[in-house]
Amino acid sequence: MKKHNFGAGPGILKKEVLEGAADAVLNWDGIGLSLLEMSHRSKEFGEVMEKATSLVREIYKVSDEYAVLFLQGGASLQFATVPYNLLDPEDTGAYVETGSWAKKAVKEAKGLAKVHIAGSSADKNFNYIPKKLDVPSNAKYLHITTNNTIFGTQFHHTPETNVPLIADMSSDIFCRPFDAGRFDMIYAGAQKNLGPAGTTLVIIKKSLLGKIKRYIPTMLNYQTHIDNDSLFNTPPVFAIYVSYLSLKWIKENGLEKIGKQNEKKASLLYGEIDRNSLFEGTAAKEDRSLMNVTFVLKNNALDADFLKFATDKGIVGLKGHRSVGGFRASIYNALDLSSVEYLVSLMQEFEKLNS
């Protein structure tokens with residue numbers, strides 16, 4: 001039975017990306033070595049790193065003002081790395097609190113400097129995106145989480161601000177076209193739309209750095225990795241290579257086409273949630289995510305029945321996060337429209353069985 005993977009992460013990857021990764025594990029580019037046993041200092045891997053960073057620049061039109069890095073520790077390490085590099089203890093960072101990951105970013109920053117909450121949707125269990133933000137003029141930056149994996153909300157417009165704008169884009173990176181030049185820093189764990197867990201993409205304006213007085217641990221210092229082209233220590237070779245393969249697929253298909261396909265998938269699934277007499281969405285309609293569709297059964301006594309029904313039919317990863325309950329369908333770039341159509345048909349069948 002074919003499996004339809006709606007898991008929130010690590011997320012689904014394209015078949016051709018997985019096949020390329022498998023070949024590289026056995027015999028990379030015909031050189032008789034596995035990618036897993038090649039030196040990260042080798043000419044071959046150096047070319048992979050260069051091609052991967054070049055593709056990021058090309059796809060998002062990233063200028064030379066920015067450094068493009070592939071780091072370790074996931075987006076979670078960036079929660080501390082950002083304030084370590086950009087705030088002295090007396091400085092203030094402004095944060096928009098839109099979910100669990102945004103709260104974790106706030107927690108790390110509070111341990112290193114002052115934090116101002118510029119907006120929050122905690123009052124309604126993070127089911128919307130705050131529209132009016134209060135950003136102090138003395139803030140060193142404004143930090144947002146562009147897509148909220150757990151609660152199913154997404155920024156559909158870039159906030160207007162007079163301070164540097166930083167975004168955690170872990171779960172919607174490369175999901176649609178946008179102007180990267182509006183941001184001073186972007187970071188994203190790879191394991192949603194880019195590659196496997198293990199590497200984190202960082203795009204940062206170089207002029208942000210070198211302005212604070214605090215000591216920055218070597219491995220947490222962005223300048224360390226800029227000076228060494230992401231090769232200061234042994235990088236996550238496999239994760240970067242698979243990300244490179246995904247970036248090739250993104251370039252070949254184009255962000256415009258990928259974005260329209262993601263909108264089509266989301267529209268189809270949200271349309272069924274709104275039509276179906278058994279289901280309802282949990283996120284404010286104007287803020288619904290293109291990547292993570294959250295919904296519940298109006299009669300939660302049917303939750304276990306629907307989950308078993310879907311699982312028995314080949315659906316994987318549909319159970320919602322405990323913070324929201326219900327169900328979550330993650331429809332990342334690599335998920336085909338046919339999988340969403342299949343889920344919709346099962347929802348319709350379940351409605352007939354339980355109406």
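Because the structure is a prediction, the values reported are computed rather than measured.
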Looking at every non-hydrogen atom in both residues, tell me the closest pair between [X] and [Y] and how far apart they are.
X	Y	result
D91	L86	OD2-O, 4.4 Å
D134	P136	O-CD, 3.6 Å
I250	I59	CG2-CD1, 3.8 Å
V56	V62	O-CG2, 4.0 Å
F279	F350	CZ-CD2, 4.4 Å

Does D88 form a salt bridge (charged side-chain N to carboxylate O under 4.0 Å, His left out) with K114? I'd like the steps, not just the answer.
CA-CA 9 Å; D88 276 314; K114 298 176 182 177; over 6 Å; no
For atom [atom1] of [X], is the number of surrounding heavy atoms from other residues, nucleotides or ligands below 6.0 Å larger than 12?
X	atom1	answer
K206	NZ	yes
D312	CG	yes
K15	NZ	no
D123	CG	yes
K205	NZ	yes
K14	NZ	yes

Please confirm whether [X] and [Y] have ring centers closer than 6.0 angstrom.
X	Y	value
F45	Y241	no
F183	F178	yes
Y95	Y141	yes
Y128	F151	no

What's the spacing between [X] [atom1] and [Y] [atom2] if we round to 0.5 Å?
X	Y	atom1	atom2	result
F70	S230	CZ	OG	7.5 Å
N138	H116	CG	NE2	9.0 Å
C175	I331	SG	CD1	10.0 Å
Y342	M347	OH	CE	14.0 Å
K192	M291	NZ	CE	11.5 Å
E351	N276	CD	CG	4.0 Å

Salt bridge check: are [X] and [Y] linked by an N-O gap of less than 4.0 Å?
X	Y	answer
R182	E160	yes
D184	K140	no
E349	K313	yes

Quick one: do [X] and [Y] end up in the same hydrophobic cluster if we chain Ile, Leu, Val, Met, Phe, Trp and Tyr together by side-chain heavy atoms under 4.5 Å apart?
X	Y	result
M169	M185	no
V68	V242	yes
V344	L346	yes
L278	F6	yes
L220	L201	no

Does the [X] side chain pair with the main chain of [Y], one donor and one acceptor, at a distance under 3.5 Å?
X	Y	answer
S243	A239	yes
N221	P217	no
K131	I129	yes
T53	E50	yes

Run through T81, L71, V82 and flag the one making a side chain to side chain contact (heavy atoms under 4.5 Å, CB included) with V202.
L71
For [X] and [Y], does a side-chain donor sit closer than 3.5 Å to a side-chain acceptor?
X	Y	value
D336	S338	no
N147	S289	yes
N127	T282	no
T146	Q154	no
N262	N333	yes

Test salt bridge (charged side-chain N to carboxylate O under 4.0 Å, His left out) applied to K260 and E263, step by step
CA-CA 5 Å; K260 287 179 179 177; E263 288 175 3; over 6 Å; no
Scan N193, D172, N292 and name whichever one has a side chain to side chain donor-acceptor pair (under 3.5 Å) with Y332.
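With Y332 as partner, N193, D172, N292 yield a single side chain to side chain donor-acceptor pair (under 3.5 Å), made by N292.
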Candidate list D287, T153, N148, test side chain to side chain donor-acceptor pair (under 3.5 Å), partner T98, passing option
N148
Quick one, [X] and [Y] - any side-chain contact, counting heavy atoms below 4.5 Å?
X	Y	value
Y270	R288	yes
V96	P130	yes
N233	M219	yes
V237	M38	no
N253	W249	yes
V296	E280	yes
Q78	T200	yes
L290	R176	yes

Partners of E90 by side-chain hydrogen bond (donor to acceptor under 3.5 Å, both in side chains), sequence neighbours excluded?
K213
Compile the donor-acceptor pairs under 3.5 Å between side chains in residues 23-36 and protein atoms, sequence neighbours left out, one pair per line.
from	atom 1	to	atom 2	distance (Å)
N27	OD1	I31	N	3.3
N27	OD1	G32	N	2.7
S34	OG	V25	O	2.4
S34	OG	L36	N	3.0

Between H143 and Y187, what is the ring plane arrangement, given parallel below 30°, perpendicular above 60°, and tilted in between?
tilted
Check the orientation of F174 and Y60. Use parallel for under 30°, tilted for 30 to 60°, and perpendicular for over 60°.
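F174 vs Y60 ring planes: parallel.
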Derivation and outcome, salt bridge (charged side-chain N to carboxylate O under 4.0 Å, His left out), residues K104 and E97
CA-CA 9 Å; K104 290 180 180 181; E97 190 180 56; over 6 Å; no
Donor-acceptor contacts under 3.5 Å from residues 316-325 side chains, at least two apart:
from	atom 1	to	atom 2	distance (Å)
H321	ND1	S323	N	3.0
H321	ND1	S323	OG	3.0

